Amino acid sequence: MGSRVEILNEGGFRSDGRRQFELRDMTIDLSQRGIADGSALITHGLTQVLVSVFGPREAKMRSQTIHDRANINVEVSVAAFSTGERRKRSRGDKRILEIASTIKSTFEPVVQTNLYPRSQIDVFVQVLQQDGGVLQACINGTTLALINSGIPMLDFVCAVTGGVHSTSPMLDLTLLEENDIPNVTVAMMPKTGKIALVTMETRLHVDRFKEIFRLVSDAGKVIHGEMKSAVLSRSTSLVTAMGSGPRTRGGDLEERDVDDQMNNY
Amino acid sequence: MVEITIRKRPRTEAVVTQHKFLKKTARGKVIKVLRERYLRDDVACGIQGCPVCDMPAEDVLPVAGDKEHPMFPNGHFILPDTNVFLSQMDLIESSLFTPPIILLQTVIEEVRHRSLPLYNRLKALTKMDDKRVWVFYNEYRSETAIVREEDETPNDRNDRGIRSATSWYSAHITLAHPPVRGRVSEKVPTIVLLTEDAANREKAERSGISAISVRNYVNKMKNATQLLDLLSATGTNELEPTRASSGGRAALYSDYLSTSTLLAGIKSGILHQGHFNANQYNYLEGSVSVAAFDKSVLLVGRENMNRAVDGDVVVVEIFDEKEWRASTNEVVDQDATLKNDDAEASGDDGEELDTNSLVDEESKLVRNGAKTVGTERQPTGRIVGIIKRNWRAYVCHIDSTSLSTATSTSLALQTVFATPVSRLLPRIRLRTRQAPILLGQKILVTIDRWDAHSRYPEGHFVRALGKAETKEAEQESLLLEFDVPYRPFGKAILDCLPKEGDQWVVPLKQDVSKEWRDREDLRELIICSIDPPNCQDIDDALHARQLPNGNIEAGVHIADVSHFVLPDNPMDSEAASRGTTVYLVDKRIDMLPSLLGTNLCSLRPFVERLAFSAIWEMTPTAEIVNVRFTKSVIASKAAFTYAEAQTRKDDPNLNDPLTQSIRLLNTLALKLKEKRMAAGALNLASPEVKIHLDSSESSEPIDVEQKELHETNSLVEEFMLLANISVARKIQDTFPQTAVLRRHLPPPKANFEKLQDILQKRKGMTLDVSSSGTLAASLDKCVDPAEPAFNTLVRIMATRCMLSAEYFCSGSVGRETFGHYGLASPIYTHFTSPIRRYADVLAHRQLAASIGYTPLHATLHSKSHVERILDVVNRRHRMAQMAGRASVEFYVGLALKGRGEREKKDGQGHVRESAFVIRTFRNGLGVFVSKLGIEGLVMFKRDTQFDPDNYTITVPGAGGDVHIAVFDKIVVDIEVEKDKNTQRGKINMTLVEPVDSRAL
């Protein structure tokens, strides 16, 4: 007996009022946080992740240095209050280590590590709220934080989760949906269309896979647009603040608004 | 490519869109859940041609509403609240109830939480062709979504939501009717909130919404008299406050315990849960089989059965062991005992006297039982609670004695008794204005409630089926009683058929046509079909030929239904929910539209048809060398009946290839059967009779005879079994998790105890039930040389001790329980009749996938999905069998009546047949008339000496006492008589030999 909530009702609405191919609301905050070189606070609906990037800097431990490129060190922590049921996860938790290593292997080929030999880039991911699509939020947040810290990358990495309910595919699953239907997370690079990551923990029929995979890749492009405009507006506001940016009257006002809004956090 | 968007949500909306609640898990932990929802402006209103919502001009709510109701001359739409659907579903479903309905999401969800069966009916309602229902997702529309306020109960919140949606609609509808300059402004239809809750109505009126109760609404409708009867009793409460307030009267039954107490009791083992089974011979007795005891728990008397109705899931409390007793072995007829009970008074404190005498009589009956405590004491107990009611609509007759006035013009509201056709159910009290009209008709009644102070359950009238004993009424009542879906196929389903209709033919063999892809051309093979006479849905055909190497090639060709019925379309889901074709004596209710069943998928002779073939190479001793499966195109060369095939085979003058092929098949079949019997397959029997109809038009039965079996019956059967077993192996190999198989569990030994005991004591025979093989062997030995029918009787009785076969999903049960007990095969499925059984369609799809013809549809990969479908199919299958049997019984009754009348003319007056005693009661005999295939009761008015240990009763006869025991052969007179009060037909038997029981 499944849950009493219908995943997709006959009117074509999901349990939270979205339709099949609608992504959740996404907010991005790229303002400065503490001494981090770059950070991003990203939300997908009720999932919220804060990523801070330090580096490239000298490796703390000698053993971890690689002679021809930088080492990416990813540490993930999940806040005890992030789920409905309070649960402390230790640092050595297998689940967390897995997320960390997934992020690391996703970004290693994208970040131009060969520019910084013998150094280290630290990525600290903090999951503040969970409501499905944690991995997707972590990857998108990491992309933004890396960009924010000025580390050269080949491309954006945009991740989206997709699932199939019976035979109808849907995008950006909430926790409720994630628990119920087979799902796959895909991280893609919009410029080249290459795929950086495909991961799936449930079983999905092979006939359905092609369809959902295509769809999720397309959704990545939509996410990319959103991320790009966030990065652009952040950069414009910084440039304006330094007093050397292009000045158009209307735009100026608008950008300042955005900046103000960001300072409110 | 689909459009992918991000649903933006302003931060200010968070108050409305985020929803926080606390939830207690099964372990008792409390967790906080936060959910969000996205409010939108594109949820459509459903009104035809609405300029704001961009609605199309068809298939939705009419723009002007419904103008038939006199209270709303401007036209109206109704918007019912949750309680209306919970209590008045029959009204809404009625085809007379036609106003356009706006169904809110809030309402659907509330119904779903309260009752799943009602929710499913509601869902079906929204899809019905003749209803105008629009589902409005008010919780997702920004204007109508509301948040629960502090100190507001969920109920109040929903009511407020419904009101706010109503007022939104009222405002919105003016937009759909924009004032046009130069024209008289159109009348704007009203949105009417339909609710039973007076407080809610009041609030609605205050905010300017027109609200009305269901009763008041229906009262003013055109066909109010018919519709008012459909109102359930719960709706009448406010009309008759006296009834509700008379709580002071004595309760007849003890109250149920609270749910938490019940659950705690079951957990700790003090209470037991099980299905309630009423006793069909004695209405004051019932039983509940529970896991904790081998024998089922006996419930004696009304108080202990405590308002349970057959099929309910109940909780019982077991008495002390010294209070345990045996079943009374007595026949107590409800109609006879309770005929004087008054419908108005029973349960009311009005007529004390009457009620008291009734109670006395009943308790006497119960005490009688206590005296005859035999050795076979059973756990005894009483019902303390109901987990789940299994009430449905029952087919009933109105009891004429309970009417206060019988003048057919009277429209006075009166309370009457409805007697269900099934003997397992109590009488239902019913309030109706149409009682005189309904007299002598079959009607459908649902139970609404059963209060502790009411002797009988209360129900309401759903609809009339027609005059009793007319074919139409009997047929429909049969279908309803066994829950057979018999509506004609809807448009969406018929749209799934090939466009060419009956012009469809197998296309020419070309590489381009999709029909021929991967199909073998077997048109040249000499294939024929063998079926019962007048068979229209021919789903199997056979062939056999000698191979050069001395082996024989035999093939079974099954109609390729899965080529036409594609997964997951409306036709497929309809077939899945019908599960099987139901055969009644004079009607067939198809699982698939008849175009497929009797034409495109029917393997008629001389036409090319698509088939799914299983082809074996066998040695002349019927050892399988190899088997292959392929989709094919065949052209059958002949369609034989069993008898035709038989004569053809036996005719030595015929030597054409067709006859030779039949002979070849027959020799193989004989060897296959021999092998199967050696492996321990059972040769079971069930009373099968054939009804002779006068002509196809009048369908007046003339006579009944037992079915004749030819050798060719067994020929077809053997090859079908072989095909099924081979297919089962193949799909189980390929899909070990989700293969659709069929099994027959070995019966528990205890089932046979009674039969073994009777056989031992009466005939000195033993039955070895340790395995199916030994059982088959010992059944063969149960022969009475004087009585050839005796062996069949024992087989029938043994069959009744067994469990029934069932479909299952191979991943859901242990590998060791796959076996088919009756066929003595380790694995089995159904493959050979896809036209009339849905399980076969699934097997076809899986087999097609396992030979790489098509990929398997995603739903067949999901274990839970397959299980769910098979649950339905199993239930439908069981119901279809029972419906078929009941239909035969009805026709046997008709035939008997006809025969009785003919013989009366000849001066004999009675239908006289010999019969076997199969059961003895304290005051009667259960007998089986093998010639007619019916069972009946012989009742004695006076008490007889009853010896339950030896299954003997002693009755006084003319020349001294006569002993009658189980298995004795007796002669009975059979007549069909109608109950004077209820018009319910009943087969009545009286004993003629060895003694005349009329005097007893």
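Since this is a predicted model, take the numbers as computed values, not measurements.
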Side chain, backbone, both or neither: which part of A:R14 has a heavy atom under 4.5 Å from chain B?
backbone
Any donor-acceptor N or O pair under 3.5 Å, side chains A:Q136, A:T161
yes
Under 4.5 Å from any heavy atom of chain A - which part of B:L856:
backbone
What orientation do B:Y169 and B:H172 show, parallel under 30°, tilted 30 to 60°, or perpendicular over 60°?
perpendicular
Could you look at A:Q20 and say if it's the side chain, the backbone, both or neither that has a heavy atom under 4.5 Å from chain B?
neither
What part of B:Y119 is in contact with chain A, defined as an atom under 4.5 angstrom from a non-hydrogen atom: side chain, backbone, both or neither?
side chain
Mind telling me whether B:H861 and A:H205 have parallel, tilted or perpendicular rings, with 30° and 60° as the class edges?
tilted
Pick whichever of A:K221, A:Q129, A:R19 has the most heavy-atom pairs under 4.5 Å with chain B.
A:R19
Answer key: most heavy-atom pairs under 4.5 Å with chain A among B:K123, B:R40, B:H865, B:Q105 is B:R40
If we count only N and O atoms by modelled type, under 3.5 Å, do the side chains of A:T43 and A:T27 hold a donor and an acceptor together?
yes
is_close_aromatic(B:F136, B:W168), centroid dist under 6.0 Å:
yes
Between A:N140 and A:H44, does any side-chain donor sit less than 3.5 Å from a side-chain acceptor?
yes
Within residues 29-39 of chain B, the residues sitting under 4.5 Å from chain A by heavy atom, in sequence order, are B:K29, B:I31, B:K32, B:L34, B:R35, B:E36, B:R37, B:Y38
Side chain, backbone, both or neither: which part of A:L215 has an atom under 4.5 Å from a heavy atom of chain B?
both
Which bit of A:R208 is near chain B, if near means a heavy-atom gap under 4.5 Å: side chain, backbone, both or neither?
side chain
Can you tell me which portion of A:L46 sits under 4.5 Å from chain B's heavy atoms? Options are side chain, backbone, both or neither.
both
Side-chain donor-acceptor pair under 3.5 Å between B:Y140 and A:D16, yes or no?
no
Please determine, by modelled atom types, if B:S812 and B:E867 share a side-chain donor-acceptor pair under 3.5 angstrom.
yes
